[in-house]
Amino acid sequence: MAGVFYYLTPKYTRVGYAPVQPVPFSHLIHAGQLGLDCRYCHTGVDRANTSGIPAAQTCMNCHSIIKPQSPLLAVVRQSYATGEPVPWVKIHQVPDFVYFNHAAHLNRGVSCVECHGRVDQMVTVRHEKSLSMEFCIDCHRAPQTVVRPAALVTNLGWQHPGGPAGQLRDGTRFVHDWKIKPPQSCSGCHR
């Protein structure tokens with residue numbers, strides 16, 4: 001029975017999950033090659049609990065001019081015309097009993113890459129990290145290993161120029177100066 005519970009963790013059930021989306025949106029092109037900031041499509045992620053998914057209007061800001069008649073964008077054009085949302089398939093999802101606030105993490109220098117991986121290098125977004133309780137607690141116990149200057153949270157390719165030692169030095173300073181005290185008790189995330 002213990003084996004069943006062990007293998008039913010997100011590490012085994014979610015990592016690698018890459019559903020087919022209604023629109024073949026390439027993060028490699030948009031976030032990687034074009035350099036769109038994550039917050040352009042995921043508006044409010046730095047001010048809200050959730051990241052939000054882009055509305056057709058966001059897509060049409062560019063695609064009313066760029067490839068406006070592409071058959072790949074038919075679902076977006078229909079959504080824009082009718083007001084019905086694009087039926088995106090959610091990839092990253094924590095259980096209902098877990099409280100997670102995107103803004104709290106981004107505004108304290110935790111980059112999108114820490115939980116979502118190098119999305120800017122993915123043609124099809126996949127669930128890259130386990131997002132298990134162990135994954136979260138490891139970060140909460142040692143936030144200095146991941147926090148970075150807040151202005152760089154959406155720069156997914158950034159690495160500390162001083163390597164791991166520089167990251168630890170500056171991360172420790174950020175944790176102190178920004179008063180970062182991630183919860184480690186159950187009630188911090190289970191509400």
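Keep in mind it's a predicted model, so treat the numbers as computed, not measured. Quick note: numbers below take in every heavy atom, side chains included, and nothing from hydrogens, waters or symmetry partners.
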Start with the C-alpha distance between Asp46 and Arg39, add both sets of side-chain angles, then the distance that settles side chain to side chain contact (heavy atoms under 4.5 Å, CB included), and finish with yes or no. CA-CA 8 Å; Asp46 53 350; Arg39 295 168 290 198; 3.7 Å; yes
Check against side chain to side chain contact (heavy atoms under 4.5 Å, CB included), Val175 and Val147: CA-CA 8 Å; Val175 167; Val147 294; 4.1 Å; yes
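Residues Val23 and Leu72 are not in side-chain contact: their nearest non-hydrogen atoms beyond the backbone lie 4.5 Å or more apart. Residues Val153 and Cys112 have side chains not in contact (no heavy-atom distance under 4.5 Å, counting atoms from C-beta outward). Between Val45 and Cys38 there is no side-chain heavy-atom pair separated by less than 4.5 Å. Taking the side chain as every heavy atom from C-beta outward, Ser111 and Leu152 never approach each other to under 4.5 Å. Side-chain contact between His102 and Asn49 is absent, with no heavy atoms from C-beta onward closer than 4.5 Å. Arg14 has its side chain within reach of Gln93: a pair of non-hydrogen atoms, C-beta onward, lies under 4.5 Å apart. You'll find the side chain of Pro87 reaches within 4.5 Å of the side chain of Val75, heavy atoms only.
A 6.0 Å sphere centred on CD of Glu134 holds no more than 12 heavy atoms belonging to other residues, nucleotides or ligands. The local environment of CZ in Phe25 is crowded, with over 12 non-hydrogen atoms from other residues, nucleotides or ligands closer than 6.0 Å. Under a cut-off of 6.0 angstrom, the local environment of CD in Gln159 is sparse, with at most 12 non-hydrogen atoms contributed by other residues, nucleotides or ligands.
Separation of atoms CG (Leu28) and CD (Gln121) is listed at 8.0 Å; rounding is to 0.5 Å. Taking NE2 of His140 as the reference point, atom CE of Met133 lies at 12.0 Å (rounded to 0.5 Å). A distance of 9.0 Å separates CD1 in Ile53 from CD in Gln21, rounded to the nearest 0.5 Å. One distance of note links OH of Tyr99 with OG of Ser187; it measures 12.5 Å at 0.5 Å rounding. To the nearest 0.5 angstrom, Glu114 atom CD is 11.0 Å from Leu106 atom CG. Annotation: the span from Leu34 atom CG to Asp37 atom CG amounts to 13.0 Å, rounded to 0.5 Å.
Under the 3.5 Å distance criterion, the side-chain polar atoms of Ser70 are left unmatched by any main-chain donor or acceptor of Lys67. Panel note: side chain Arg141, backbone Cys136; no donor-acceptor pair is recorded below 3.5 Å. Put simply, the side chain of Gln144 never gets that close to the backbone of Arg169: no donor and acceptor are under 3.5 Å apart. The backbone N or O of Pro68 lies less than 3.5 Å from a partner atom in the side chain of Arg77, making a donor-acceptor pair. Looking only at distances, no side-chain donor or acceptor of Gln33 sits under 3.5 Å from a matching main-chain atom of Asp120. The main-chain N or O of Met122 is never found under 3.5 Å from a side-chain atom of His27 such that the two would form a donor-acceptor pair. With hydrogens and angles ignored, the 3.5 Å screen pairs no side-chain donor or acceptor of His42 with any backbone N or O of Gly44. Side chain of Arg148 to backbone of Asn155: a donor-acceptor contact under 3.5 angstrom is found.
Taking every heavy atom of both residues into account, Ala18 and Arg126 meet most closely at CB-CB, 3.7 Å. The minimum heavy-atom distance between Asn101 and Ala48, with the atom names listed, is OD1-O, 3.6 Å. For Pro22 against Val86, the heavy-atom pair with the smallest separation is CG-CG1, 4.0 Å.
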Would you mind writing out the side-chain donor-acceptor pairs for residues 56-64 within the sub-3.5 Å range, not counting sequence neighbours?
residue, atom, partner, partner atom, Å
Gln57, NE2, Asn61, OD1, 2.6
Asn61, ND2, Tyr40, OH, 3.1
His63, ND1, Ile66, O, 2.8
Ser64, OG, Met60, O, 3.0

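Both Ile91 and Val89 sit in one connected hydrophobic cluster of ILVMFWY residues. Membership requires side-chain heavy atoms under 4.5 Å apart, directly or through other members. The hydrophobic cluster containing Val113 does not contain Val110, counting ILVMFWY residues as joined when their side-chain heavy atoms lie under 4.5 angstrom apart, directly or transitively.
Residue pairs satisfying the ring pair (Phe, Tyr, Trp, His ring centres under 6.0 Å) criterion with at least one member in residues 150-174, sequence neighbours excluded, are listed as follows: Trp158-His160, Phe174-Trp178.
Defined by atom type and a distance below 3.5 Å, a donor-acceptor pair is present between the side-chain atoms of His116 and His92.
Annotation: ring pair (Phe, Tyr, Trp, His ring centres under 6.0 Å) contacts of His190 (sequence neighbours excluded): Phe97.
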